[in-house]
Amino acid sequence: MKKIYVGNLNFATGEERLRGIFSGFGSVSSVSVLVDKFTGMSRGFAFVEMDDDEDAARAISAVDGTDIDGRKVRVSESVERKSRPRSMNRARAKDFRKDAAPRDDEF
């Protein structure tokens, strides 16, 4: 199974539209268009999972750079994201600043 990244999507492009495009190259396991958690609108990219690696490679080369719903999409094999360290929350950051030397504007 291969995961495919589809970027620069039109915000109106949905999962069924992408499933229709990629199913022309082989069996599609899943399609997920990522949405903003606050607005519910598309973030402009999606992931497509295909069962066969060769079908996925054909789909990537065929669909990359094509026009989907008025946007030229970028299609590539998905790469796992490196884990990033979590940032300090504000309460810890405030405690952390207490130990720091006073700034000029704090006098």
Side-chain angles (χ1 to χ4, degrees):
M1 182 165 326
K2 187 165 286 211
K3 195 171 190 179
I4 301 169
Y5 167 81
V6 184
N8 199 37
L9 282 175
N10 185 315
F11 296 118
T13 302
E15 292 176 358
E16 289 304 314
R17 172 90 165 110
L18 290 175
R19 183 178 297 278
I21 292 168
F22 282 89
S23 64
F25 299 97
S27 178
V28 174
S29 302
S30 68
V31 177
S32 61
V33 174
L34 277 78
V35 295
D36 182 85
K37 64 182 176 182
F38 298 111
T39 64
M41 291 182 57
S42 169
R43 293 180 61 196
F45 65 97
F47 293 100
V48 177
E49 285 186 299
M50 296 187 74
D51 294 328
D52 185 60
D53 290 353
E54 291 177 16
D55 292 342
R58 278 198 333 266
I60 289 169
S61 64
V63 180
D64 185 37
T66 62
D67 184 277
I68 297 178
D69 298 333
R71 305 278 307 258
K72 186 176 178 180
V73 296
R74 291 185 305 270
V75 181
S76 63
E77 184 176 343
S78 177
V79 178
E80 286 296 317
R81 201 173 184 188
K82 294 179 183 176
S83 63
R84 297 183 293 178
R86 297 193 57 114
S87 63
M88 267 193 258
N89 64 27
R90 290 181 185 203
R92 283 188 59 212
K94 186 176 180 182
D95 291 339
F96 202 66
R97 285 192 304 261
K98 286 180 186 176
D99 298 333
R103 297 185 318 222
D104 290 339
D105 61 345
E106 291 181 319
F107 291 107

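Numbering starts at 1 and runs along the sequence shown.
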Next on the checklist: Using every non-hydrogen atom in the two residues, find where Arg43 and Asp36 come nearest and quote the distance to one decimal.
Outcome noted: CG-N, 3.5 Å

Next on the checklist: Set out, in order, the CA-CA distance, both residues' side-chain angles and the distance that settles side chain to side chain contact (heavy atoms under 4.5 Å, CB included) for Thr66 and Lys72, then state yes or no.
Outcome noted: CA-CA 5 Å; Thr66 62; Lys72 186 176 178 180; over 6 Å; no

Next on the checklist: So which atom in Val75 and which in Val6 form the shortest heavy-atom distance, rounded to 0.1 Å?
Outcome noted: CG2-CG1, 4.2 Å

Item to check | ILVMFWY clustering at 4.5 Å (side-chain atoms), partners of Phe11 | outcome: none

Checklist entry - Looking at Leu9 and Ala46, what are the two nearest heavy atoms and their distance? => result CD1-CB, 3.7 Å

Checklist entry - For Arg19 and Ser30, which heavy atoms make the closest approach, and how far apart are they? => result NH2-CA, 4.0 Å

Checklist entry - Which atom names give the shortest non-hydrogen contact between Ala56 and Ile4, and what distance separates them? => result CB-CD1, 3.9 Å

Item to check | Asn10 side-chain N/O to Asp69 backbone N/O, donor-acceptor pair under 3.5 Å | outcome: yes

Item to check | Sub-4.5 Å side-chain heavy-atom contact between Thr13 and Val73 | outcome: no

Item to check | Closest non-hydrogen atom pair between Val63 and Phe22, with its separation | outcome: CG1-CZ, 4.1 Å

Item to check | Working for side chain to side chain contact (heavy atoms under 4.5 Å, CB included), residues Ile60 and Phe25 | outcome: CA-CA 10 Å; Ile60 289 169; Phe25 299 97; over 6 Å; no

Item to check | Residues in side chain to side chain donor-acceptor pair (under 3.5 Å) contact with Ser29, at least two apart in sequence or another chain | outcome: Asp51

Checklist entry - Excluding sequence neighbours, so at least two apart, what forms side-chain contact (heavy atoms from CB on, under 4.5 Å) with Glu15? => result Val31, Ser32, Val33

Checklist outcome for this item: By side chain to side chain donor-acceptor pair (under 3.5 Å), Ser78 pairs with (sequence neighbours left out) none

Item to check | Ile68-Val48 co-clustered via ILVMFWY side chain contacts under 4.5 Å | outcome: yes

Checklist entry - Who else is in the cluster with Met1 when I, L, V, M, F, W and Y are joined by side-chain contacts under 4.5 Å? => result none

Checklist entry - For Asp67, what residues pass the side chain to side chain donor-acceptor pair (under 3.5 Å) criterion, not counting sequence neighbours? => result none

Checklist entry - Is there side-chain contact between Asp64 and Arg74, with heavy atoms separated by less than 4.5 Å? => result yes

